[in-house]
Amino acid sequence: MKTQQFTVVDPLGIHARPASQLVAKATPFASSIEVRTEEKAANLKSILGVMGLALKQGSQFTLVVEGEDEEQAFTALTTLLTEMGLAQ
Amino acid sequence: MTHLTGIAASDGIAIAKAYRFVQPDLTITKTTVQHTDAEQQRLAAALAKAEQELAAIQQQTLKKFSAEEAAIFEAHLLVVNDPELIGPINQKIADEAVNAEYALHEVSSMFVALFEGMDNEYMSERASDIKDVTNRILAHLLGVHIPNPSHIEEQVIIVANDLTPSETAQLDRNFVLGFITDIGGRTSHSAIMARSLEIPAVVGAGTATTTIQDGDLLIVDGLSGQVLVNPTADVIADYQEKAQNFRAQQAEWSTLVNEQTMSKDGVHVELAANIGSPSDLDSVLRHGAEGIGLYRTEFLYMGRENLPSEDEQFTAYKMVVAGMKGKPVVIRTLDIGGDKHLPYLPLQEEMNPFLGHRAIRLCLDQQELFRTQLRALLRASVYGNLKIMFPMIATIQEFHDAKAVLVEEKEKLIAAGIAVSSDLEIGMMVEIPATAVIADIFAKEVDFFSIGTNDLIQYTMAADRMNEKVSYLYQPYNPAILRLIQMVINAAHKEQKWVGMCGEMAGDELAVPLLLGLGLDEFSMSATSILKTRSLLKQLTVTDMQALAAEALQLATADEVIEKVKQAVK
C-alpha cells in the first residue's frame with residue numbers, strides 16, 4: 001500500500017474539470033485507489049465520489065493506493081495532482 | 001394530410017421536416033421484476049446508448065462551440081460509467097427485485113440530494129448535471145427521446161409547446177426555417193423571436209406537439225396561420241408557388257427602402273422600428289426605418305448574472321444612437337417585473353405581477369439601478385437624436401419624480417464636465433388607461449407620448465394577454481381602445497406634442513388606416529413590417545381615413561370595426 005498526504009491548492013477546489021481528469025487517469029488501474037479525508041473516503045474511480053467530498057482550497061486528503069499495479073498508479077496520480085496545480 | 005390552424009405570428013412560408021423540441025415524460029413507477037439478470041442487462045443497454053449519445057453530443061459541441069463547452073460532457077460521460085452510481089443500482093435491482101428505472105431513480109436521487117445540500121454554490125449546481133445524465137439514461141430505459149437541438153444537421157421546422165429564451169438560444173439558426181408552437185400569441189417570445197429572425201411562425205396551434213411526429217414533412221404558412229402535415233405533392237407545389245409570390249412581393253417592397261413614408265395625399269408619417277438590442281440595428285436599416293420608436297432596454301439586463309455597468313450600457317446606447325445617424329431613437333427605461341425577471345434582482349412573489357411592482361414603479365423604488373441607466377443614456381445623448389421615455393406611468397406625480405431624477409443626474413454630469421445633449425425630449429408610455437383618460441393634463445408635462453397597445457389593451461379589457469381562455473378579449477379594434485387612442489392623440493396635438501405607437505397594433509394592416517385617420521404621428525413596429533406598411537400607406541388618403549375613423553368610433557363592436565375597415569380599404 002502506498003499513501004501520501006496532500007493539500008488542495010487550486011482556488012476553485014477539486015471542481016469538475018480536474019476531477020474528470022483524475023478519474024480518467026485512475027480508472028484503467030487494477031489497484032483500489034481512494035481519497036480519504038478525516039470524515040470520509042471516496043473511490044477515485046468515481047466522479048460522483050470524488051466531487052462528493054467537496055474538497056476546497058486548503059482541504060487536506062490522503063491518497064491511498066493498494067493492489068498489483070500500485071507503483072505505477074501512485075506515480076501517475078501524484079504526478080497529475082501536482083502538474084495540474086491542484087494539490088501539493 | 002393533417003391540417004392545423006394557429007395564429008399567424010411571422011410572415012413567410014417554409015417547407016421542411018419537423019423537429020420536435022419537446023421534453024418527454026419521464027415519470028416512473030416502481031414494479032417488481034422476475035428476472036433481475038435481464039433487468040440489469042436492460043440497464044447496461046440504456047447506459048451504453050446514453051454513453052454513445054453523450055460522446056456524439058460532445059463531438060458536435062466541440063465542432064460547433066468550444067473545448068470549454070464540450071468539457072462538461074466529459075464529466076457526464078464519467079457519470080454514466082461511475083462505479084459508485086452503477087454498482088449500487090445493480091445491487092438494488094438484485095436485492096429488491098425492482099425495475100431498473102426505480103433503482104436508478106433511488107440511487108441518483110441520493111447523489112442529487114448530497115450535491116444540492118452542499119453549501120458551495122458551484123457544487124450545488126452540479127446536482128443539475130447529475131439529473132441531466134440520469135434523465136438521459138432514464139429516457140433510454142423508458143424508450144423516449146430527449147431532444148438535443150445542437151444535433152440538428154439539416155433544415156427543419158421546430159415544433160414545440162412553447163419556446164423559452166434559453167431554448168431558442170440553443171438553436172442553430174442556419175438550420176431553423178420556421179416555428180410552430182402549441183401555445184402563445186403574437187406577442188409571445190417565440191413569435192417575437194421568429195419575426196426578428198425573419199422566419200415564418202404559427203403559434204397557438206393547440207395540438208402541434210401531439211399531432212406532429214419527428215420527420216413529418218410540414219408546411220408552415222405564417223401569412224395565414226395554417227400548418228399542413230405530410231401534404232400531397234399538389235399541395236406542396238401550390239405552396240412553393242405561394243412562397244415564390246411572397247418573395248416577389250418582398251422584392252417589390254424592398255424598392256421602398258429609401259423612400260419617405262407618405263400617404264396618397266402627401267401627408268408624411270414616421271415609420272420606426274422596435275428593437276431589443278444593438279444587434280437589431282442591421283435589420284432596422286435594411287428595412288428602411290425612419291427611426292427607432294422603442295428600444296426595450298430590459299434585454300440588456302436579462303440572461304446574465306449581474307447588473308450591466310454604466311459603461312456597458314453606455315456602449316450599447318451609443319451604438320444605437322450613433323448608428324441611426326441623427327434619426328430619432330426613443331429609448332425606454334427599464335421595464336422589469338411583470339413577466340420579466342432578473343436572477344440577480346430578487347423581486348417579491350406577487351399575486352398579480354402585471355398589476356404589481358414593475359417598470360417605473362420599481363425604478364423609483366430602487367433608484368441606484370435607475371440612476372445608473374439614466375447616466376448611461378445621458379452620456380449617449382450627444383451621439384445623435386436620443387429621446388428618453390418612461391414606462392408604466394400612472395400618475396402625474398410618477399412622471400414628475402422620474403423626470404426629477406433624470407434632471408438631477410443630468411446636472412451632476414454637466415457639473416462634472418461631461419457632455420449631455422441640450423435638446424433631449426422626455427416622454428412617457430401610455431399603457432395605463434388612467435393616463436389616457438387625463439392625457440390632456442399629461443400633455444402639458446411631456447414632450448411626447450408613445451402608446452403601448454399590448455398593455456393598454458390588456459389593462460382596458462382586464463384580460464391577461466398570456467391567458468388563452470380570455471384571448472378573445474384582446475381586441476385592438478374595440479371602439480373603447482380606439483376612443484382612448486383618439487383622446488391621447490387629440491390631447492397631445494392640442495399642446496403641439498407628437499404621439500407614437502409602439503405596440504403590435506402599429507404594424508397591423510387593419511389598424512394602420514384607422515391610426516392614420518386618428519392622426520398618429522409615428523408608427524413603431526417590428527422592422528420586418530415597415531416596408532409592407534409603407535406600401536399600404538401610399539395607397540391611403542388621410543381625409544378618407546379621417547372619415548373612416550370617425551365612423552369606426554361610433555360602432556359598437558370590434559367585429560363591426562374590422563368589417564368597416566375591410567370595406568373601406570379593399
Side-chain angles (χ1 to χ4, degrees), chain A residues 7-61 63-67 69 73 76-77 80-81 84-87, chain B residues 47 50-51 54-55 57-58 61-62 66-91 103-137:
Chain A
T7 305
V8 178
V9 292
D10 191 310
L12 294 173
I14 297 200
H15 54 284
R17 177 72 70 88
S20 300
Q21 285 176 268
L22 285 171
V23 173
K25 182 69 86 183
T27 302
F29 291 106
S31 301
S32 101
I33 306 174
E34 275 190 1
V35 173
R36 290 184 192 160
T37 66
E38 289 214 345
E39 308 93 43
K40 293 186 273 188
N43 179 351
L44 192 53
K45 296 176 186 177
S46 161
I47 180 94
L48 294 174
V50 175
M51 292 195 65
L53 292 175
L55 294 172
K56 298 177 195 157
Q57 185 177 27
S59 298
Q60 296 199 336
F61 66 89
L63 177 70
V64 183
V65 185
E66 187 169 17
D69 52 7
L77 287 163
L80 185 63
L81 277 167
M84 285 194 295
L86 195 62
Chain B
L47 289 169
E51 183 175 359
L54 279 166
I57 295 175
Q58 187 191 22
T61 314
L62 205 55
S66 65
E68 191 86 25
E69 318 215 19
I72 189 65
F73 295 108
E74 215 159 296
H76 284 195
L77 277 165
L78 290 172
V79 175
V80 173
N81 289 306
D82 195 315
E84 304 297 327
L85 176 72
I86 311 308
I89 298 173
N90 277 318
Q91 194 67 50
L104 168 68
H105 177 259
E106 287 294 292
V107 175
S108 66
S109 297
M110 211 181 60
F111 281 106
V112 169
L114 170 74
F115 278 82
E116 272 174 351
M118 290 185 186
D119 56 0
N120 171 336
E121 196 186 341
Y122 171 83
M123 285 299 192
S124 54
E125 276 170 14
R126 300 285 70 75
S128 66
D129 285 312
I130 303 172
K131 283 187 209 160
D132 216 16
V133 181
T134 47
N135 279 345
R136 192 172 293 284
I137 303 167

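Please read all numbers here as calculations on a predicted model, not as lab measurements. These numbers come from the heavy atoms of this one structure, side chains and all, not from hydrogens, waters or symmetry mates.
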Going by atom type alone, with no hydrogens or angles, which donor-acceptor pairs under 3.5 Å involve a side-chain atom of residues 19-28 of chain A and a protein atom two or more places apart or on another chain?
{"residue": "A/S20", "atom": "OG", "partner": "A/A16", "partner atom": "O", "Å": "2.7"}
{"residue": "A/T27", "atom": "OG1", "partner": "A/V23", "partner atom": "O", "Å": "2.6"}

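Listed by first and then second residue, the salt bridge (charged side-chain N to carboxylate O under 4.0 Å, His left out) pairs involving residues 103-115 of chain B amount to none (not counting sequence neighbours).
At a heavy-atom cut-off of under 4.5 Å, chain B is reached by A/N43, A/K45, A/S46, A/I47, A/L48, A/G49 from residues 36-50 of chain A, listed in order of number.
Contact of B/I130 with chain A is made through the side chain alone, with heavy-atom distances under 4.5 Å. Within the 4.5 angstrom heavy-atom criterion, atoms from both the backbone and the side chain of B/L78 approach chain A.
Among all heavy-atom pairs drawn from A/V65 and A/A73, the shortest one is CG1-CB, 3.9 Å.
A/D69 places no side-chain N or O within 3.5 Å of a backbone atom of A/F29 that could act as its donor or acceptor partner.
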Q) Could you walk me through whether B/K131 and B/E116 pass the side chain to side chain contact (heavy atoms under 4.5 Å, CB included) check? A) CA-CA 11 Å; B/K131 283 187 209 160; B/E116 272 174 351; 3.2 Å; yes

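More than 12 heavy atoms of other residues, nucleotides or ligands sit less than 6.0 Å from atom NE2 of A/H15.
Residues that satisfy the salt bridge (charged side-chain N to carboxylate O under 4.0 Å, His left out) test with B/D129, not counting sequence neighbours, are B/R126.
Looking only at heavy-atom pairs under 4.5 Å with chain A, the residue among B/L114, B/N81, B/V79, B/L77 that has the most is B/V79.
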